[in-house]
Amino acid sequence: MTLQYDVIVVGAGHAGCEAACAAARLGAKTCLVTMDMNKIAQMSCNPAVGGIAKGQIVREIDALGGMMGIVTDRCSIQFRMLNLSKGPAVWSPRAQCDRGKFIWAWREVLENTPNLHIWQDQVCELLTENKAVLGVRTIWGAELRAKCVVITAGTFLNGLMHIGRKQIPGGRIAEPAVTGLTESITKLGIRSDRMKTGTPVRIDKRSVDFSQVEIQEGDDTFHRFSFMTEPRRLKQLPCWMFKTNKEVHKILRSGLADSPLYNGQIQSIGPRYCPSIETKLHTFPDKEEHQLFLEPEGETTNELYLNGFSSSLPMDIQIEALKKIPALRNLVVYRPGYAIEYDFFDPTQLTHSLESKVVEGLFLAGQVNGTTGYEEAAGQGLIAGINAAIKCGGGEPFTLKRNEAYIGVLIDDLVTKGVDEPYRMFTSRAEYRILLRQDDADMRLTERSYKLGLASTERYQYLQKKRDEIEHLIDFAQNFSIKPALINDALTQIGTTPLERGCKLVDLLGRPNVTIDNLTPHIKALKSETDKIVERKEEILEAAEIRIKYKGYIERENMVAEKMLRLENIKIKGKFDYMNMNQITIEARQKLAAINPETLAQASRIPGVSPCDINVMLVLLGR
């Protein structure tokens, strides 16, 4: 049987769902192929979305018209804004989600998206002709033909799970590995390698002694992920915290000889920033305790996720060690933690649109590109889906720059630098953090997406209204004069220095302790202005205040970004024979030849290419 589409998306994880939804909404006849329709957008590890920098990515996905933020808000059972004690450049939203409801919310979205079909099957072969995509073949013999194929197979490609010395092929617990697909891709000249990740034990809530834990409540604020959704629907639940101890560590160390990480069973590299408990013991041998978090898996389930205890030790060692924690002395588990090894492909063989440089019409997104995390995967999936649809229609690729989005930083890092360990996004990876705040993702990206045809008219109209209200409020603050006699008592109450002479409202709002909220009761004109805002009032006030307080930093960072954009505009692909450029170092020649960068700016970010090498290339371009 042969079915004909424009775009085929292989895998219905977080990358695949965004890719399929975006391609279909842009008018491409799309087929999403998944092994199990009941595990669409499965949260394979922790039941949470967002976190440091990852939350910004979800806001960007939402601003572009993607669905992850909307689904997360529908399924959130705890929301927190991280890093509020620091500047807004690093504020990061994070939500615990109901795992089961998350799956069904995504399935509802997909099943009601025009131009999108779902096919339950397993892809085993990529079909090509003359290094161009034709489609895919499944294990049941179906041939799905398309102009573009997006591979988002997660950890399923030749997946191998480990618990102690026991190894079982699989892409996820109780789910089969995908065989044959990696080989059908690598035979075309695309390089692959192996990576490792892991997940912790799942605990029965009824066995936990909650008198021995510290409670961690969520935030009761206006913040949420999507710029369009209403307040959270589900019951909000706490998380809990406690620590390991010496007895726990002693038992864990007794099992290290049977740990696949240390007995040679696993050769591939695991995530640096989400290490297993055995890696923590090995890396920090003198540390007597490690922080653990118990996180609810859903609104009504008793299943809890033990964050911080990822492990592939033998199951009896895992359970015995955990019982030495006072809160878990009567521990009952649903299943132990395990590690998984899987194939990924070298992302330096991709363009910034996430299309392969080797096979035309082949796009790769998510963990198959060497990343880790639902959010990084979803961001890539959205860009891959957009560009697959565009390619079918013959348009120009849609890409994001490093000063436009964390998604732009993520993709540029992947295709320029490659990966030697599972890649995770952090705010420190972005050189323009103050420009990439979570509060203004819609200001940065929604207009571009609307012109593309992905962001809805409703979303765009809301953006315009929000932008007008922010600009009006800022303009009011810049022009409204404050007299000392009318405000000094209030300033004393707030805890800031009284005025000696009059000033503009914007100057007061530039002070650290002064906010629109604590000034409004004392300035009638300000209250009158803020009362005019009806929808998403708190969000608009916060955005205006950030713009006022950090104006100087924002302007300075914009200037730096504009200077770098000059190099972004210098196209160099096809203009140099790198291996014969004796004016630059051998390492630079090799790296430039391997990556074949599009622009001089991309070349400048390649490890091993020095500023001197860039200057040489500028001189040669001048000639």
Side-chain angles (χ1 to χ4, degrees), residues 18 49-66 68-69 72 81-94 223-227 273 352 371 373-383 386 398-417 423-449 455 463 466-467 470 539-540 542-565 567-568 601-602 604-605:
E18 291 288 359
V49 169
I52 306 300
K54 298 151 86 72
Q56 282 89 326
I57 290 175
V58 181
R59 293 281 271 178
E60 290 171 357
I61 290 168
D62 181 74
L64 287 165
M68 190 181 217
T72 299
M81 184 66 77
L82 308 181
N83 278 345
L84 281 176
S85 62
K86 301 179 181 178
V90 294
W91 293 358
S92 302
R94 184 182 189 271
H223 292 113
R224 44 194 182 270
F225 274 108
S226 177
F227 293 96
Y273 301 106
H352 280 75
T371 62
Y374 312 142
E375 305 81 4
E376 290 90 340
Q380 292 172 71
L382 183 67
I383 299 303
I386 289 171
F398 179 87
T399 59
L400 296 171
K401 298 183 179 67
R402 295 181 72 92
N403 66 316
E404 287 183 296
Y406 273 95
I407 297 172
V409 175
L410 164 66
I411 293 175
D412 186 63
D413 280 352
L414 292 176
V415 304
T416 301
K417 302 174 182 178
Y423 179 102
R424 180 177 177 182
M425 179 54 72
F426 288 103
T427 53
S428 58
R429 294 191 189 273
E431 57 270 47
Y432 308 115
R433 288 187 293 279
I434 196 68
L435 303 182
L436 305 184
R437 307 182 312 277
Q438 60 83 32
D439 66 274
D440 79 332
D442 53 346
M443 298 293 171
R444 291 182 271 123
L445 302 173
T446 296
E447 189 160 351
R448 283 199 65 190
S449 182
L463 168 71
K466 177 181 173 181
R467 179 184 286 145
I470 291 172
E539 180 183 301
I540 290 165
E542 180 181 85
E545 191 172 296
I546 289 170
R547 290 262 303 274
I548 290 169
K549 286 184 180 295
Y550 295 88
K551 180 184 177 186
Y553 296 99
I554 293 168
E555 289 176 349
R556 186 173 64 188
E557 208 153 269
N558 266 320
M559 288 175 60
V560 174
E562 285 170 10
K563 288 180 182 179
M564 182 54 70
L565 283 177
L567 293 184
E568 294 284 5
Q602 186 189 353
S604 72
R605 293 190 290 270

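What you see is a predicted model, and the numbers here were worked out from it, not measured in a lab.
Proximity of a side-chain donor or acceptor of Thr446 to a complementary backbone N or O of Ala63 within less than 3.5 Å is detected. With hydrogens and angles ignored, the 3.5 Å screen pairs no side-chain donor or acceptor of Ser449 with any backbone N or O of Leu445. Within the 3.5 Å criterion, the main-chain N or O of Ser85 finds no donor-acceptor partner in the side chain of Trp91.
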> Going through the checks in order, is the side chain to side chain contact (heavy atoms under 4.5 Å, CB included) test met by Leu435 and Glu404?
Replying inline: CA-CA 8 Å; Leu435 303 182; Glu404 287 183 296; over 6 Å; no
> Would Arg433 and Tyr406 satisfy side chain to side chain contact (heavy atoms under 4.5 Å, CB included), going step by step from the backbone distance to the final call?
Replying inline: CA-CA 9 Å; Arg433 288 187 293 279; Tyr406 273 95; 3.7 Å; yes
> Does the pair Met81 and Leu84 meet the rule for a side chain to side chain contact (heavy atoms under 4.5 Å, CB included), with working shown?
Replying inline: CA-CA 7 Å; Met81 184 66 77; Leu84 281 176; 3.6 Å; yes
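Residues Asp413 and Tyr423 have side chains in contact (heavy-atom distance under 4.5 Å, counting atoms from C-beta outward). Contact of the Glu447 side chain with the Arg467 side chain is registered, since non-hydrogen atoms from C-beta on lie closer than 4.5 Å. Residues Val58 and Lys54 are not in side-chain contact: their nearest non-hydrogen atoms beyond the backbone lie 4.5 Å or more apart.
Evaluation of the ring pair (Phe, Tyr, Trp, His ring centres under 6.0 Å) rule for Tyr553 yields no partner, not counting sequence neighbours. Among residues two or more places apart in sequence or in another chain, the salt bridge (charged side-chain N to carboxylate O under 4.0 Å, His left out) test is passed with Lys466 by Asp442, Glu539. Not counting sequence neighbours, the partners of Arg547 by the salt bridge (charged side-chain N to carboxylate O under 4.0 Å, His left out) test are Glu471. With sequence neighbours left out, the side chain to side chain contact (heavy atoms under 4.5 Å, CB included) criterion links Glu568 to Leu565, Thr599, Ala601, Arg605. Residues passing the ring pair (Phe, Tyr, Trp, His ring centres under 6.0 Å) test with Phe225, sequence neighbours excluded: Phe79. Taking Asp439 as the reference, Arg437, Glu542, Ala543, Ile546 meet the side chain to side chain contact (heavy atoms under 4.5 Å, CB included) condition, with sequence neighbours excluded. Among residues two or more places apart in sequence or in another chain, the side chain to side chain contact (heavy atoms under 4.5 Å, CB included) test is passed with Ser604 by Ile614. Judged as a ring pair (Phe, Tyr, Trp, His ring centres under 6.0 Å), and not counting sequence neighbours, the contacts of Tyr374 are His14. With sequence neighbours left out, the side-chain hydrogen bond (donor to acceptor under 3.5 Å, both in side chains) criterion links Thr416 to Asp412, Gln602. Every residue two or more places apart in sequence or in another chain was checked for a salt bridge (charged side-chain N to carboxylate O under 4.0 Å, His left out) with Arg429, and none qualifies. Glu18 meets the salt bridge (charged side-chain N to carboxylate O under 4.0 Å, His left out) test with no other residue; sequence neighbours excluded. Partners of Ala544 according to the side chain to side chain contact (heavy atoms under 4.5 Å, CB included) rule, which considers only residues two or more places apart in sequence or in another chain, are Ile470, Leu473, Ile474.
Tyr432 approaches Glu557 most closely through the heavy-atom pair C-OE2, 2.9 Å. Closest approach of Ala89 and Gln56 over heavy atoms only: O-NE2, 3.9 Å. For the residue pair Ala430 and Val409, the shortest heavy atom distance occurs at CB-CG2, 4.1 Å. Closest approach of Asp62 and Ser226 over heavy atoms only: OD1-OG, 2.7 Å. The two atoms that bring Tyr550 and Gly87 nearest to each other are OH-CA, 4.1 Å, heavy atoms only. Among all heavy-atom pairs drawn from Gly379 and Ile57, the shortest one is CA-CG2, 4.4 Å.
For the atom pair CD1 of Ile411 and OG1 of Thr399, the computed distance is 8.5 Å after rounding to the nearest 0.5 Å. Ile383 contributes atom CD1, which lies 5.5 Å from atom CZ of Phe398 (distance to the nearest 0.5 angstrom). Taking CE of Met68 as the start and CD1 of Ile61 as the end, the distance is 5.5 Å to the nearest 0.5 Å. To the nearest 0.5 Å, atom CG of residue Asp440 and atom CD of residue Glu60 are 9.0 Å apart.
Ion pairing between a basic and an acidic side chain is recognised when a charged N comes within 4.0 Å of a carboxylate O; Glu376 and Arg424 show no such pairing.
A donor-acceptor pair shorter than 3.5 Å cannot be found between the side chains of Asn83 and Ser92.
Only one option out of Leu436, Leu64, Leu400 pairs with Arg444 in a side chain to side chain contact (heavy atoms under 4.5 Å, CB included); it is Leu436.
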